[in-house]
There are 2 protein chains.
Amino acid sequence: MSTKSSPQAPASPRTASPKRRSRTSDHRAAGSHAPLSFRPIHTRRAFEEICERIREQLALGVLKPGDKLPPERDLAQQLGVSRNVLREALRSLEMAGVLRLQKGVKGGAFVQQGDTSRMNVVMRDMLSLGTISIRELSEARVHVLDLVVRLACVNARQSDFEALQANVERTELFTREGRLLERVECAREFYKLLAVACGNKVIAMITDAVTEIHMRFVYAKVASSGVAMARLGERRRQFLAALRERNTTAAARLMRSHLAAVQKMLEQDPGAMSLQVALAEMKPGMRR
Amino acid sequence: MSTKSSPQAPASPRTASPKRRSRTSDHRAAGSHAPLSFRPIHTRRAFEEICERIREQLALGVLKPGDKLPPERDLAQQLGVSRNVLREALRSLEMAGVLRLQKGVKGGAFVQQGDTSRMNVVMRDMLSLGTISIRELSEARVHVLDLVVRLACVNARQSDFEALQANVERTELFTREGRLLERVECAREFYKLLAVACGNKVIAMITDAVTEIHMRFVYAKVASSGVAMARLGERRRQFLAALRERNTTAAARLMRSHLAAVQKMLEQDPGAMSLQVALAEMKPGMRR
DNA sequence: TTCCATTGAATGGGTGATCCATTTAATAAT
DNA sequence: ATTATTAAATGGATCACCCATTCAATGGAA
């Protein structure tokens with residue numbers, strides 16, 4: 001019976017409602033008007049305000065990763081909104097990778113460690129919406145990887161070399177056994193490791209973002225045509241050797257020529273490749 | 001009176017409800033169990049599925065910018081979910097910059113042009129959550145701007161030069177009149193124009209993302225201490241001249257030294273500067 | 001005592017009905 | 001022809017529930 005007797009928002013906390021955001025109301029009330037009263041992009045809504053407030057608490061350091069927000073019912077009451085609206089805000093923040101919502105007793109909304117893959121989502125959306133083109137993305141990737149290689153040459157640590165070495169060996173294993181799709185997965189991992197080796201998480205995040213979509217194309221290409229980069233293991237070994245010698249120009253040159261070769265491979269038989277295929281392929285789950 | 005007689009969804013369309021997602025139900029029903037059944041990160045929820053489906057339609061090109069989704073009530077019925085849950089999904093997509101929800105007759109959920117500033121939000125969140133550091137961000141910015149300058153030297157068009165020229169002149173105006181905070185706004189714009197001049201929207205987006213937070217710091221610094229970069233107009237003129245001559249090395253060198261000078265300025269009296277200040281300052285609205 | 005099954009409360013997940021606010025088109029009045 | 005009114009469509013928000021999951025507390029069995 002306690003569930004129904006919960007005295008959360010009977011009628012009084014609704015005091016916020018009457019005076020609620022009047023916003024667009026009496027702006028043009030006065031007889032004299034501005035010739036071009038840019039009406040606001042969109043009226044401010046409760047869930048936006050809530051998102052903003054929570055982000056504010058994060059920025060101020062009041063909320064930190066690991067912290068738990070009050071239960072939905074409580075928080076809704078505190079904010080003077082319905083639970084549904086609060087949930088819209090929490091959901092948005094969860095999609096943004098800021099929160100994680102967990103059920104059960106001891107559940108709740110927990111502040112997350114930052115999820116660097118959110119940038120990938122932005123990049124995917126921009127592609128889907130046609131704001132950026134595949135061509136721009138590929139070009140950006142070439143430039144970003146050039147930067148990453150040069151930084152990695154300077155900053156890579158022994159552990160980075162070892163991780164890359166192991167990756168190259170897996171690549172060669174997959175090559176020998178003809179497991180081409182797994183080799184693509186391996187390539188994706190290679191660029192992730194390289195990004196980490198550059199020693200800057202911002203640049204690593206950017207690198208992942210511009211690489212993720214590209215690897216979907218490669219995957220789709222390999223899956224559909226069966227063609228694959230020749231002498232990939234050899235290329236990787238050469239590159240890694242240059243990196244270990246901290247030979248910036250050689251490493252950058254090798255990366256550049258490799259990327260050009262991959263690009264050329266992708267552009268053969270362009271009809272088979274399309275934005276739609278690559279974005280649709282390899283959904284989270286990606287049953288072969 | 002007619003308002004209440006609207007015969008929208010009386011009772012019948014709820015037919016979809018009974019067969020609803022059983023998802024996590026009888027997974028481990030069988031007596032034999034796997035020794036390590038990695039339970040999913042979190043149970044799949046309706047709103048995630050909806051977001052994914054809509055994104056899928058975008059990726060496939062079925063939905064394009066400008067298109068309108070069915071009304072919430074219809075779409076909820078089509079998907080077999082309640083309107084509230086559908087709204088959670090739509091809200092998330094709106095926060096992601098994919099949709100815009102508009103009220104009124106002829107209103108609805110409209111697919112947007114991609115909003116390149118979503119990457120800025122990701123970057124802010126990563127900073128707030130401590131996933132990346134200010135130092136990494138500044139360092140990344142230096143490298144990205146080096147790239148941008150080199151690309152702009154090659155790709156900038158006459159219109160880019162003209163826009164930058166106008167910006168430099170505004171900068172000098174604000175300098176003469178001592179309007180330092182407006183000059184910071186102007187600087188923000190300068191980097192935006194430079195990013196556009198590089199001719200690649202992906203790189204421009206990245207540049208904006210790494211620049212936005214930085215400019216908040218500069219703003220907070222100028223607002224609190226009143227100090228400001230000396231001879232800024234002069235520096236800008238020199239840089240723009242190098243850019244116009246397509247003198248890559250000179251332009252890159254000028255940018256490098258300028259960024260170093262700004263960094264030095266910011267690091268004086270470090271106590272006054274903090275992540276919190278910069279992130280809290282200059283909220284959307286930013287009443288002086 | 002130790003261990004395991006049961007129970008129950010806390011909490012997020014989801015529903016359906018209802019009302020409000022805004023916007024626009026159609027209609028009526030001037 | 002112009003202006004005011006009305007009505008419908010649609011998002012914005014609320015309320016009152018109910019279900020599913022989780023986990024700690026409880027209690028009985030070995």
Side-chain angles (χ1 to χ4, degrees), chain A residues 1-6 8-11 13-14 16-18 20-25 39-40 42-50 68-77 79-91 94 99-110, chain B residues 1-14 16-18 20-27 39-40 42-50 68-77 79-91 94 99-110:
Chain A
M1 55 345 199
S2 63
T3 59
K4 60 168 37 176
S5 70
S6 72
Q8 57 184 51
R14 210 93 337 285
S17 304
R20 186 169 336 273
R21 289 158 294 286
S22 62
R23 36 183 182 261
T24 53
S25 298
R39 86 158 91 107
H42 60 307
T43 61
R44 187 153 195 75
R45 287 154 303 171
F47 92 103
E48 294 176 288
E49 196 115 14
I50 298 170
K68 191 175 87 164
L69 268 55
E72 291 182 355
R73 291 161 176 88
D74 294 2
L75 193 49
Q77 190 179 350
L79 293 167
V81 298
S82 74
R83 205 180 140 211
N84 284 329
V85 166
L86 173 66
R87 285 168 61 89
E88 290 173 7
L90 295 181
R91 286 275 144 87
E94 188 177 25
L99 297 179
R100 195 181 95 246
L101 273 56
Q102 200 170 342
K103 269 211 271 192
V105 199
K106 298 290 157 191
F110 294 86
Chain B
M1 60 324 255
S2 63
T3 58
K4 62 170 35 177
S5 70
S6 73
Q8 56 189 48
S12 51
R14 214 69 7 267
S17 303
R20 193 175 322 286
R21 284 161 299 289
S22 61
R23 28 177 188 270
T24 52
S25 298
D26 47 283
H27 277 177
R39 87 158 93 107
H42 58 306
T43 60
R44 185 150 197 78
R45 287 155 302 170
F47 91 102
E48 294 177 288
E49 196 116 14
I50 298 171
K68 191 176 88 165
L69 268 55
E72 292 182 355
R73 290 160 176 90
D74 295 2
L75 192 50
Q77 190 181 345
L79 293 167
V81 299
S82 73
R83 206 180 141 211
N84 284 325
V85 165
L86 172 66
R87 285 170 60 87
E88 290 173 8
L90 294 182
R91 286 276 143 89
E94 189 177 25
L99 298 179
R100 194 181 97 245
L101 274 56
Q102 200 170 343
K103 271 212 272 193
V105 199
K106 299 291 155 189
F110 293 87

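Numbers restart at 1 for each chain; the letters A, B, ... are given by sequence-line order, proteins then strands. Keep in mind that what you see is a predicted model, and the values were worked out from it rather than measured.
- Among dT21(D), dA21(C), dG14(C), the nucleotide with an atom closest to any side-chain atom of Arg45(B) is dG14(C).
- Arg45(B) places a side-chain heavy atom less than 4.5 Å from the side chain of Glu94(A).
- Where Lys68(A) and Val85(B) each meet DNA chain C at their nearest nucleotide, the meeting point lying more 5' is that of Lys68(A).
- In this structure, Lys106(B) places its NZ atom 9 Å from P of dA26(C), rounding to the nearest Å.
- Other residues, nucleotides and ligands contribute only 12 or fewer heavy atoms inside 6.0 Å of the NZ atom of Lys106(A).
- Between the base of dG13(C) and the side chain of Arg91(A) there is no donor-acceptor pair shorter than 3.5 Å.
- The interatomic distance linking Leu86(A) (CG) with dG12(C) (P) rounds to 9 Å, in whole Å.
- The base of dG14(C) is not paired with the side chain of Arg83(B) by any donor and acceptor separated by under 3.5 Å.
- Taking side-chain N and O atoms only, Arg87(B) has a distance below 4.0 Å to OP1 or OP2 of dG12(D).
- For Pro71(B), whose side chain is taken as the heavy atoms from C-beta onward, the closest listed nucleotide among dG12(C), dT15(C), dT10(D) is dT10(D).
- In this structure, Arg73(B) places its CZ atom 15 Å from C1' of dT15(C), rounding to the nearest Å.
- Residues satisfying the side chain to side chain donor-acceptor pair (under 3.5 Å) test with Arg87(B), not counting sequence neighbours, are Glu88(A), Glu72(B).
- Position along DNA chain C of the nearest nucleotide to Val105(A) versus Phe47(B) favours Val105(A) as the more 5'-ward residue.
- Taking atom CG of residue Asn84(A) and atom P of nucleotide dG12(C), one finds them 13 Å apart after rounding to whole Å.
- Taking atom CD of Glu72(A) as the reference point, atom P of dA10(C) lies 16 Å away to the nearest angstrom.
- Atom CD in Glu88(B) sits roughly 14 Å away from atom P in dG12(D) (whole-Å rounding).
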For Leu79(A) and Val85(A), what are the C-alpha separation, side-chain angles and deciding distance, and is it a side-chain contact (heavy atoms from CB on, under 4.5 Å)? CA-CA 10 Å; Leu79(A) 293 167; Val85(A) 166; over 6 Å; no

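- Partners of Pro70(A) under the side chain to side chain contact (heavy atoms under 4.5 Å, CB included) rule, at least two apart in sequence or in another chain, are Asp74(A), Leu75(A), Gln78(A).
- Distance, Asp74(A) CG to dA10(C) C1': 11 Å, rounded to whole Å.
- Atom P of nucleotide dT11(C) and atom CZ of Phe110(A) are separated by 10 Å, given to the nearest angstrom.
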